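Whatever order the structure lists ligands and atoms in, that order sets their numbers, starting from 1. Every value quoted in this text rests on a predicted model; they were computed, and no experiment measured them. Here, residue 1 is the first one in the sequence, and each next residue gets the next number. Values reported hereafter were calculated over all heavy atoms of this structure, with side chains retained and with hydrogens, waters and symmetry mates removed.
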Amino acid sequence: MDRLPLVNGLLKYINKEHSYFAMPGHKMGKGFRGDAASLFNDILKADVTELPGLDNLHNPDGIIKEAEERLSALYGSKKSYFLVNGSTSGNMIAIFSSFKEGDKVIAERSCHTSIFNGIILRKLNPVYIYQDFDNRYNLGIELSEQNVLNAIRENPDAKGIILTSPNYYGAAINLENIIKEAKLHKMTVIIDGAHGAHFIASNNLPASPISIGADIVINSAHKTLPALTQSAYLHVNNESLISKADFYFHVFNSTSPSYLLMASMDYSRYYLERYKTEWDRLIERCDRTRAKIESLGIYHILDEKELFNSKLDRTRYLINLPSQVSAYKLKDILLKSSIEIEYNDCNNLILIFSPFNTEEELDKLYEVLKGIDINSLKGSTIKIKYKFPKPKQVLSPYEASEQKGETILLKDSLNRVLKRAIAFYPPGIPCILPGELMDIDTLNMIEYYKENKIDALGIQDDKIEVVLERKI
Ligand SMILES: Cc1ncc(COP(=O)(O)O)c(C=O)c1O
């Protein structure tokens with residue numbers, strides 16, 4: 001057992017009959033049907049390289065070219081690419097293709113960590129837009145359109161803008177006015193749509209950013225479509241960016257791309273084309289179950305009406321619990337009933353659905369929630385103590401990353417400048433970035449996440465890396 005930790009860890013999962021309300025979108029293989037099921041049932045034999053007739057991802061002129069062209073036609077882009085290194089690589093390609101060293105860019109501060117890594121590597125100077133804090137959820141769940149428009153107008157020298165849409169909670173900011181304003185200022189618009197690969201399936205989902213005119217859009221196929229983990233799409237929607245995107249595509253993708261990943265991405269495209277209506281049926285299932293869960297009078301699920309300037313992806317739930325009720329205890333109860341969720345913090349749970357989650361599974365979710373004695377979940381919540389932090393940027397993220405550093409205890413880090421970001425996973429949004437000053441609000445937020453046992457990147461044995469001897 002000890003000698004094969006990964007193999008044994010995975011074996012435990014594949015022999016379980018669970019409902020998966022988490023990524024990936026294929027839901028433990030249920031999404032692979034017909035020929036795709038035959039292929040993936042023979043997964044080891046299908047793990048090949050560039051055999052005759054199988055084309056080359058880095059120089060496609062055969063089946064991969066055809067598959068990528070079909071993908072581009074479906075999404076309405078100028079050119080689309082299969083990414084074998086997740087949206088992480090797509091975000092890098094987008095940033096490197098759009099900006100030059102030293103450029104000023106406007107970025108949502110709640111972007112995924114890969115965006116900030118791109119900003120560091122490309123040596124950009126970011127100006128951030130923060131979300132407003134939502135007291136009900138103890139989270140920032142939405143970006144203000146007005147704040148984005150203001151940031152564009154106040155920084156006319158910025159070369160582009162990077163936003164996440166939808167975010168982890170399913171909120172997709174209205175992009176029409178933002179893209180119009182950005183274009184007026186000749187800014188490139190990059191949308192990290194990692195969680196929105198399925199939006200083209202239904203008019204009942206938020207609009208695809210490509211259809212609104214974004215220049216580059218990145219989708220993790222694996223998050224919501226029947227595709228293998230790590231597979232993602234890059235859509236370039238601006239002719240003038242294609243040759244750079246071609247180059248950076250090579251830079252950020254393995255020269256030994258997995259045909260299994262590529263085949264699963266081709267299958268997702270096919271599935272979307274052929275079975276689009278399954279998403280409408282999924283939305284109906286989700287809406288029905290949502291109404292039933294709400295009618296219990298205990299749980300609240302984020303509704304589009306609560307969003308000021310965003311549409312909601314109704315195929316995911318952000319379930320908010322009454323105060324004093326522990327999301328951890330609830331998660332454990334769900335797990336005992338063989339229901340896996342995507343994520344929880346102390347107040348909320350996130351569930352991600354795909355067409356491969358059946359009516360029965362959603363009914364079961366409702367029944368389990370209905371049967372819970374909510375009083376038994378009370379008493380162990382770790383209450384939030386922080387104001388939503390906005391740590392001050394005193395060095396550019398690139399400068400700070402290159403400075404000499406020292407490792408110190410987190411508790412001693414007040415007023416120190418970070419050398420490495422601290423991000424909690426999921427969703428991988430950094431609470432503090434290189435070059436930012438540790439303040440009390442940020443420290444409280446980090447403590448809160450730690451107490452909630454959410455995985456931290458950038459903290460090791462309670463220590464973090466700061467810029468050497470730079471005290472303010
Ligand atoms: C908004 C966002 N962007 C990018 C990524 C990275 O995606 P991938 O895991 O496909 O590399 C994630 C992953 O969680 C994400 O949430």
Side-chain angles (χ1 to χ4, degrees), residues 22-26 71 80-96 107-121 128-129 131 139-143 161-173 175 189-199 206 208-209 214 216-235 248-249 251-254 257-258 260-262 264-265 268 310 313 315-316 318 341-345 350-352 354 421 423-431 433 449 454-458:
M23 296 185 255
H26 62 70
L71 180 70
S80 293
Y81 304 74
F82 290 152
L83 301 170
V84 291
N85 196 15
S87 286
T88 299
S89 63
N91 285 341
M92 293 291 170
I93 298 165
I95 287 172
F96 274 75
E108 172 176 348
R109 182 57 181 73
S110 34
C111 279
H112 183 256
T113 189
S114 55
I115 293 287
F116 299 109
N117 290 338
I119 286 175
I120 291 170
L121 290 179
Y128 297 126
I129 317 164
Q131 289 177 331
L139 291 169
I141 51 167
E142 183 183 25
L143 204 61
I161 175 158
I162 308 170
L163 301 177
T164 309
S165 186
N167 60 23
Y168 199 39
Y169 315 113
I173 187 168
L175 286 169
V189 179
I190 297 174
I191 302 296
D192 177 353
H195 290 272
H198 57 302
F199 282 6
S208 148
I216 301 190
V217 179
I218 302 97
N219 293 141
S220 287
H222 69 92
K223 293 195 195 301
T224 55
L225 301 178
L228 296 185
T229 296
Q230 226 171 290
S231 53
Y233 300 141
L234 171 72
H235 308 289
Y248 287 110
F249 174 83
V251 174
F252 291 108
N253 277 282
S254 165
S258 158
L260 292 166
L261 296 188
M262 290 191 277
S264 76
M265 284 187 261
S268 285
S310 303
D313 174 1
T315 68
R316 82 176 49 198
L318 173 62
I341 62 161
E342 163 66 21
Y343 168 83
N344 72 283
D345 59 18
I350 296 177
L351 281 67
I352 301 178
S354 91
F424 289 85
Y425 234 100
I429 299 168
C431 352
L433 286 167
Y449 276 118
I454 297 171
D455 273 350
L457 301 183

* **CA sep, side-chain torsions, deciding dist, call: C111, D192, side-chain contact (heavy atoms from CB on, under 4.5 Å)** => CA-CA 8 Å; C111 279; D192 177 353; 5.8 Å; no

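- Between F96 and Y248, the two ring planes are tilted [angle within 30° to 60°].
- The closest protein non-hydrogen atom to atom 11 (O) of ligand 1 is T88 OG1, 2.6 Å.
- What sits closest to atom 3 (N) of ligand 1 on the protein, heavy atoms only, is D192 OD2, 2.5 Å.
- Contacts between A232 and ligand 1 below 4.0 angstrom, taking non-hydrogen atoms only, are absent altogether.
- The contact set between ligand 1 and T164, taken as ligand atoms under 4.0 Å from a residue heavy atom, comprises 1 (C).
- Counting heavy atoms from C-beta on, the side chains of H222 and L261 never come closer than 4.5 Å.
- Proximity of I115 to ligand 1 is not established, as no heavy-atom distance is less than 4.0 Å.
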* To do: Decide side-chain contact (heavy atoms from CB on, under 4.5 Å) for M23 and T229; before the verdict, give the C-alpha distance in whole Å, the side-chain angles of both, and the deciding distance to 0.1 Å.
  => CA-CA 9 Å; M23 296 185 255; T229 296; over 6 Å; no

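- Numbered from 1 in the order shown, with element, the atoms of ligand 1 that lie under 4.0 Å from a heavy atom of H222 read 8 (P), 9 (O), 10 (O).
- Nearest to atom 16 (O) of ligand 1 among the protein's heavy atoms is H195 NE2, 2.9 Å.
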* What's the verdict on side-chain contact (heavy atoms from CB on, under 4.5 Å) for I173 and N167, showing C-alpha distance, side-chain angles and the deciding distance? -> CA-CA 9 Å; I173 187 168; N167 60 23; over 6 Å; no

* Can you list the steps and then say if R316 with T224 is a side-chain contact (heavy atoms from CB on, under 4.5 Å)? -> CA-CA 10 Å; R316 82 176 49 198; T224 55; 4.0 Å; yes

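- In terms of polar-atom proximity, defined here as any N/O pair under 3.5 Å, S220 does make such a contact with ligand 1.
- The structure places CG of L175 at 9.0 Å from OG of S310, a figure rounded to the nearest 0.5 Å.
- Side-chain atoms of Y81 and L71, non-hydrogen and from C-beta on, never get closer than 4.5 Å to each other.
- If you look at N167 next to ligand 1, there are no close heavy atoms at all, none under 4.0 Å.
- Judged by distance alone, the side chain of S268 and the main-chain N or O of P226 form a donor-acceptor pair under 3.5 Å.
- Scanning all protein heavy atoms for the shortest distance to atom 12 (C) of ligand 1 gives H112 CD2, 3.3 Å.
- Below 3.5 Å of separation, one finds an N or O of K223 facing an N or O of ligand 1.
- For atom 8 (P) of ligand 1, the closest non-hydrogen atom on the protein side is S87 N, 3.4 Å.
- Counting atoms of ligand 1 from 1 in the listed order, those under 4.0 Å from a heavy atom of A194 are 2 (C), 3 (N), 4 (C), 15 (C).
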